[in-house]
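Working notes, structure below.
Please read these numbers as outputs of a predicted model, since none were measured by experiment.
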Amino acid sequence: MMTVIHSKTQLQITSRPVRRRSGTRRQPETVRSMFGLNIGKKTVEKRLEKKQELLTSLQGLGRGLKASDEDKERINSLAKDLERMNPTKNVLGPELSAKWKLEYTTSDSILGTKRPPFLRPFGDIFQTIRAEKLEARNQETWPFFNAVEATLEPVNSSKVNVKFDTFYIGSIIPIKAPDSARGELTVTYLDDTLRISRGNRGNLFILSR
């Protein structure tokens, strides 16, 4: 906009910067911040609440060894709720690689339900996955330190075939696994600290890192 200023000696012409009026129309980024991000924040909060509810429900169950039928139903229901909120698209990607601690399972073979109590693992049980090499290792700790190594073969974006290769007695004595020692594992939930998986026999696995 141009402004003319009169004086006795001269005529001055100055220019002022044009200021554009800001309209009431909201930009897409504003709309996303008002609605998209808020909705996303509520989704994350809901997921974290459900996650904490699941972890709280696992306390005192001895990885599932002491779980009643009612406990198992409740935990399975909470796991399904969390699976529907899975935040990770590529569950077989680099985020899967870690040393995972078993928090809960319905697998009788891992819990040792058919063994005498003194032959069951008392210490932590870990599963180390190296996704880039398609390798896994299950490791008991105190008192026996038994282990098994396996090869993974992706079936789809969330499922792998599992071929057990070598069992280790006391982590020292290797025993070649029979060719029939195979299974399947589907990763149904994965975040930075928690993983939920389901086996081909219907078993549920909940692990943390």
Side-chain angles (χ1 to χ4, degrees), residues 46-93 95-115 117 120-131 134-141 146-164 167 180-209:
K46 184 177 181 181
R47 177 172 61 82
L48 293 178
E49 289 175 0
K50 186 64 66 174
K51 177 179 173 179
Q52 186 57 50
E53 185 179 358
L54 173 62
L55 292 174
T56 301
S57 298
L58 303 181
Q59 294 178 5
L61 297 183
R63 289 191 294 259
L65 187 63
K66 301 177 183 178
S68 64
D69 289 341
E70 184 179 349
D71 291 329
K72 293 177 181 178
E73 289 181 10
R74 182 177 71 256
I75 292 168
N76 187 52
S77 178
L78 290 171
K80 286 182 177 179
D81 289 343
L82 205 53
E83 288 166 337
R84 286 190 283 268
M85 305 177 193
N86 177 37
T88 306
K89 287 185 83 172
N90 184 19
V91 294
L92 299 184
E95 294 85 355
L96 183 62
S97 295
K99 184 176 182 179
W100 296 91
K101 176 184 174 183
L102 182 66
E103 301 289 352
Y104 175 86
T105 185
T106 55
S107 170
D108 289 334
S109 61
I110 292 178
L111 294 174
T113 56
K114 297 180 180 180
R115 295 183 239 167
R120 296 170 185 165
F122 301 131
D124 292 333
I125 298 176
F126 294 98
Q127 182 179 71
T128 301
I129 294 182
R130 294 178 288 275
L134 296 176
E135 296 175 348
R137 179 183 175 92
N138 295 347
Q139 176 75 61
E140 294 179 358
T141 55
N146 296 326
V148 58
E149 291 180 345
T151 301
L152 309 177
E153 179 188 7
V155 176
N156 55 38
S157 60
S158 61
K159 181 193 290 188
V160 294
N161 287 329
V162 182
K163 180 182 180 301
F164 296 100
F167 294 97
S180 58
R182 298 172 181 264
E184 295 177 355
L185 193 68
T186 302
V187 180
T188 54
Y189 178 92
L190 177 67
D191 68 18
D192 56 344
T193 61
L194 187 72
R195 171 164 65 92
I196 300 175
S197 299
R198 294 183 183 270
N200 56 303
R201 296 182 179 178
N203 287 317
L204 173 64
F205 304 89
I206 301 175
L207 306 96
S208 67
R209 61 176 166 185

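In this structure, the side chain of Thr106 engages the main chain of Leu204 through a donor-acceptor pair within 3.5 Å. Remark: side-chain polar atoms of Asn86 are paired, donor with acceptor, to backbone N or O of Leu190 under 3.5 angstrom. No donor-acceptor distance shorter than 3.5 angstrom exists from the side chain of Arg120 to the backbone of Leu111, with no hydrogens or angles considered. The main-chain N or O of Asp192 is found under 3.5 Å from a side-chain atom of Arg209 such that the two form a donor-acceptor pair. In terms of modelled atom types and a separation under 3.5 Å, the side chain of Asp81 and the main chain of Leu78 share no donor-acceptor contact. Between the side chain of Ser97 and the backbone N or O of Ala131 there is at least one donor-acceptor pair closer than 3.5 Å. A donor-acceptor pair under 3.5 Å is absent between the side-chain atoms of Thr186 and the main chain of Ser158, judged by distance alone.
Residues Ala147 and Gln139 share a closest heavy-atom pair of CB-OE1, 3.5 Å. Between Trp100 and Leu194, the shortest heavy-atom distance links the atoms CZ3-C, 3.7 Å. When all heavy atoms are compared, the tightest approach of Pro121 to Arg63 is O-NH2, 3.1 Å. For the residue pair Gly60 and Lys66, the shortest heavy atom distance occurs at O-CD, 3.8 Å. Across all non-hydrogen atoms, the minimal contact from Val162 to Ala150 is CG1-CB, 3.8 Å. In terms of heavy-atom proximity, Thr128 sits nearest to Arg130 at CG2-NH1, 3.9 Å.
The CD1 atom of Ile75 sits 4.0 Å away from the OH atom of Tyr104 when rounded to the nearest 0.5 Å. Between Asn90 atom CG and Glu95 atom CD the span is 6.5 Å, to the nearest 0.5 Å. To the nearest 0.5 Å, the span separating CG on Asp124 from CG on Leu102 amounts to 9.0 Å. Distance check, rounded to the nearest 0.5 Å: CG of Asn76 to CG of Leu54 gives 10.5 Å. With rounding to the nearest 0.5 angstrom, the CG atom of Asp71 is 9.5 Å from the CD atom of Glu73. Note that CD of Glu103 and CD1 of Ile206 are 9.0 Å apart. Values are rounded to the nearest 0.5 Å.
In this structure the side chain of Leu207 reaches within 4.5 angstrom of the side chain of Gln127, judged on heavy atoms. No side-chain heavy atom of Arg74 sits under 4.5 Å from any side-chain heavy atom of Ser68. In this structure, Leu134 and Pro154 have side chains that are in contact, with non-hydrogen atoms separated by less than 4.5 Å. Using a 4.5 Å heavy-atom threshold, the side chains of Thr105 and Ile125 count as separate. Put simply, the side chain of Arg195 reaches to within 4.5 Å of the side chain of Leu96, judged on heavy atoms. Inter-residue side-chain proximity for Ser197 and Val187 is flagged as met; some heavy-atom pair is nearer than 4.5 Å. Taking the side chain as every heavy atom from C-beta outward, Asn161 and Leu152 never approach each other to under 4.5 Å. Considering only heavy atoms from C-beta on, Leu65 comes within 4.5 Å of Thr113 through its side chain.
No more than 12 heavy atoms of other residues, nucleotides or ligands sit less than 6.0 Å from atom CZ of Arg201.
Counting only N and O atoms by type, the side chains of Glu53 and Ser57 include no donor and acceptor under 3.5 Å apart. Checking Ser107 against Ser109 by side-chain atom types alone, a donor-acceptor pair falls below 3.5 Å.
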Show the numbers, then the answer: is there a salt bridge (charged side-chain N to carboxylate O under 4.0 Å, His left out) between Glu83 and Lys80?
-> CA-CA 5 Å; Glu83 288 166 337; Lys80 286 182 177 179; over 6 Å; no

Walk me through it: do Thr141 and Phe126 pass the test side chain to side chain contact (heavy atoms under 4.5 Å, CB included)?
-> CA-CA 8 Å; Thr141 55; Phe126 294 98; 4.0 Å; yes

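The only member of Lys51, Arg84, Arg47 that meets side chain to side chain donor-acceptor pair (under 3.5 Å) when paired with Tyr189 is Arg47.
Classification of Lys163 and Glu153 as a salt-bridged pair fails, no side-chain N sitting under 4.0 Å from a carboxylate O.
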